[in-house]
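Nothing here was measured: the structure is a model prediction, and the numbers come from that model.
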Amino acid sequence: MRRIAVTGASGLIGSALVRSLTADGHEVVRLVRRAPRAADEVRWDPEGGDVDAAGLAGCHAVVNLAGAGVGNRRWTEAYKQRIRAGRVHGTAALARAVASLDEKDRPRVFVNGSAIGYYGETGDHAVDESAPAGRGFLPELCVEWEAAASPAQEAGVRTVFTRTGLVVSRRGGAWGRLFPLFQAGLGGRLGDGRQYWSFVALHDEVAAIRHLIDTDGLSGPFNLTAPNPLTNREITAAMGRVLHRPTLFAVPAPVLRTVLGEMAGDVLGSARVLPTRLLESGFRFAFPEIEGAIRAAL
């Protein structure tokens with residue numbers, strides 16, 4: 001049994017990770033933004049850069065999954081600042097807290113969330129962890145986000161960055177919005193549908209995080225995406241086949257740009273991302289194909 005601290009424990013990935021860990025008998029410490037109400041809670045203020053470091057003492061791992069949802073609303077300047085503050089300031093605060101502990105009490109691994117937004121627009125070109133960062137709000141955010149973990153790295157803590165793709169789940173995220181539309185027969189491609197979507201089943205996302213926690217020697221960036229990314233057009237067809245619904249509707253790119261603003265670039269952009277380092281580390285996906293991932297979510 002290990003003691004593992006998790007931020008974002010109430011989110012889509014965090015709640016699934018907590019369920020998996022506790023089911024296997026591990027002790028989970030949840031970092032919360034309010035006053036702790038239970039022995040397994042630790043106070044932190046990500047935007048303010050404050051963490052109760054003593055609550056992390058003796059943890060084997062710290063997993064940082066906190067942050068305002070990128071797809072929750074239009075990217076106004078104020079909301080972009082909120083996205084950045086939660087991720088960058090929160091990561092820096094956690095990394096400093098981890099580094100401040102005595103070596104005997106210090107976590108052995110720091111798993112910090114990131115995203116395939118790091119690569120920006122890749123078109124039809126497949127990229128892996130060796131590719132440079134792209135340009136734009138999301139790539140620049142991811143670079144800052146990962147760099148904020150440097151205090152933990154400098155203290156000798158094994159540090160991992162999970163560059164997550166689009167998580168296939170009915171519980172939340174982008175797919176949580178897609179499922180009701182497709183089940184109602186209102187699903188369809190976005191724009192011309194030629195943009196690549198790099199997806200990952202929620203089951204595989206959690207399994208990959210646990211693999212990265214448990215496997216000594218793994219550090220740096222890992223793409224948490226299934227090995228077979230598909231275009232939006234192909235994924236739309238797969239959703240129709242699995243759900244037995246028509247996929248006749250399409251949302252033109254100009255409409256998306258009007259409704260979503262700057263965020264439309266992320267929806268219409270192409271990210272063909274491969275999990276090269278994850279596969280090389282010995283991880284095996286339970287749902288490498290899109291139809292299996294959709295059925296798992298159902």
Do [X] and [Y] touch side chain to side chain, with heavy atoms closer than 4.5 Å?
X	Y	value
Ser270	Glu121	yes
Phe182	Val242	no
Leu224	Ile209	yes
Ile83	Phe137	yes
Val273	Tyr196	no

**OP:** Test side-chain contact (heavy atoms from CB on, under 4.5 Å) on Arg233 and Leu230 and set out the steps.
**Re:** CA-CA 8 Å; Arg233 186 186 297 267; Leu230 298 173; over 6 Å; no

Say you draw a straight line from [atom1] of [X] to [atom2] of [Y]; how long is it, rounded to the nearest 0.5 Å?
X	Y	atom1	atom2	value
Ile4	Arg30	CD1	CZ	12.0 Å
Leu12	Arg170	CG	CZ	13.5 Å
Arg84	His89	CZ	NE2	4.5 Å
Ile116	Leu274	CD1	CG	10.5 Å
Leu178	Ile235	CG	CD1	9.0 Å
Ile290	Glu234	CD1	CD	10.5 Å

Grab the two heavy atoms, one from [X] and one from [Y], that are nearest each other, plus how far apart they are.
X	Y	result
Gln195	Leu190	NE2-O, 3.0 Å
Tyr118	Pro139	O-CB, 3.5 Å
Pro275	Ala226	CD-O, 3.9 Å
Ala148	Ala95	O-CB, 3.8 Å
Ser15	Gly11	OG-O, 2.6 Å
Phe199	Pro288	CZ-O, 3.9 Å

Count I, L, V, M, F, W, Y as connected when their side-chain heavy atoms are under 4.5 Å apart, and connections chain through other members. Are [X] and [Y] then in the same cluster?
X	Y	value
Val200	Trp197	no
Met239	Val251	yes
Met1	Val109	no
Val63	Val32	no
Val157	Phe161	no

Is a side-chain N or O of [X] found less than 3.5 angstrom from the main chain of [Y], in a donor-acceptor match?
X	Y	value
Arg210	Leu212	no
Arg106	Ala155	yes
Arg158	Ser219	no
Ser198	Thr225	no
Thr22	Arg19	yes
Thr231	Arg194	no
Ser20	Leu17	no
Asp204	Phe287	yes
Trp145	Gly113	yes
Arg245	Leu243	yes

Original post:
So among Phe285, Phe222, Phe283, which one has a ring pair (Phe, Tyr, Trp, His ring centres under 6.0 Å) with His211?
Top reply: Phe283

Original post:
So Leu278 and Ser281, side-chain contact (heavy atoms from CB on, under 4.5 Å) or not? Walk me through it.
Top reply: CA-CA 5 Å; Leu278 194 58; Ser281 74; 4.2 Å; yes

Assess whether a salt bridge exists between [X] and [Y], defined as any Lys/Arg side-chain N lying under 4.0 Å from an Asp/Glu carboxylate O.
X	Y	value
Glu77	Lys80	yes
Arg272	Asp124	no
Arg87	Glu144	no
Arg2	Asp214	yes

Subject >> Worked check of salt bridge (Lys or Arg N to Asp or Glu O under 4.0 Å) between Arg277 and Asp128 >> reply: CA-CA 8 Å; Arg277 295 194 67 214; Asp128 64 12; over 6 Å; no

Original post:
Going through the checks in order, is the salt bridge (Lys or Arg N to Asp or Glu O under 4.0 Å) test met by Glu129 and Arg163?
Top reply: CA-CA 9 Å; Glu129 294 88 352; Arg163 294 177 182 169; over 6 Å; no

Answer yes or no: does atom [atom1] of [X] have more than 12 heavy-atom neighbours from other residues, nucleotides or ligands under 6.0 Å?
X	atom1	answer
Arg3	CZ	yes
Arg43	CZ	yes
Arg34	CZ	yes

Original post:
Of the options Thr159, Asn64, Thr7, Thr162, which is the one that meets Asn112 in a side chain to side chain donor-acceptor pair (under 3.5 Å)?
Top reply: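 Running side chain to side chain donor-acceptor pair (under 3.5 Å) over Thr159, Asn64, Thr7, Thr162 with Asn112 returns exactly one hit, Asn64.
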
**OP:** Carefully, step by step, assess Asn223 and Val127 under the rule side-chain contact (heavy atoms from CB on, under 4.5 Å).
**Re:** CA-CA 10 Å; Asn223 294 332; Val127 299; 5.9 Å; no

**OP:** Given side-chain contact (heavy atoms from CB on, under 4.5 Å), test Val167 with Trp175 step by step and report yes or no.
**Re:** CA-CA 7 Å; Val167 179; Trp175 242 279; over 6 Å; no

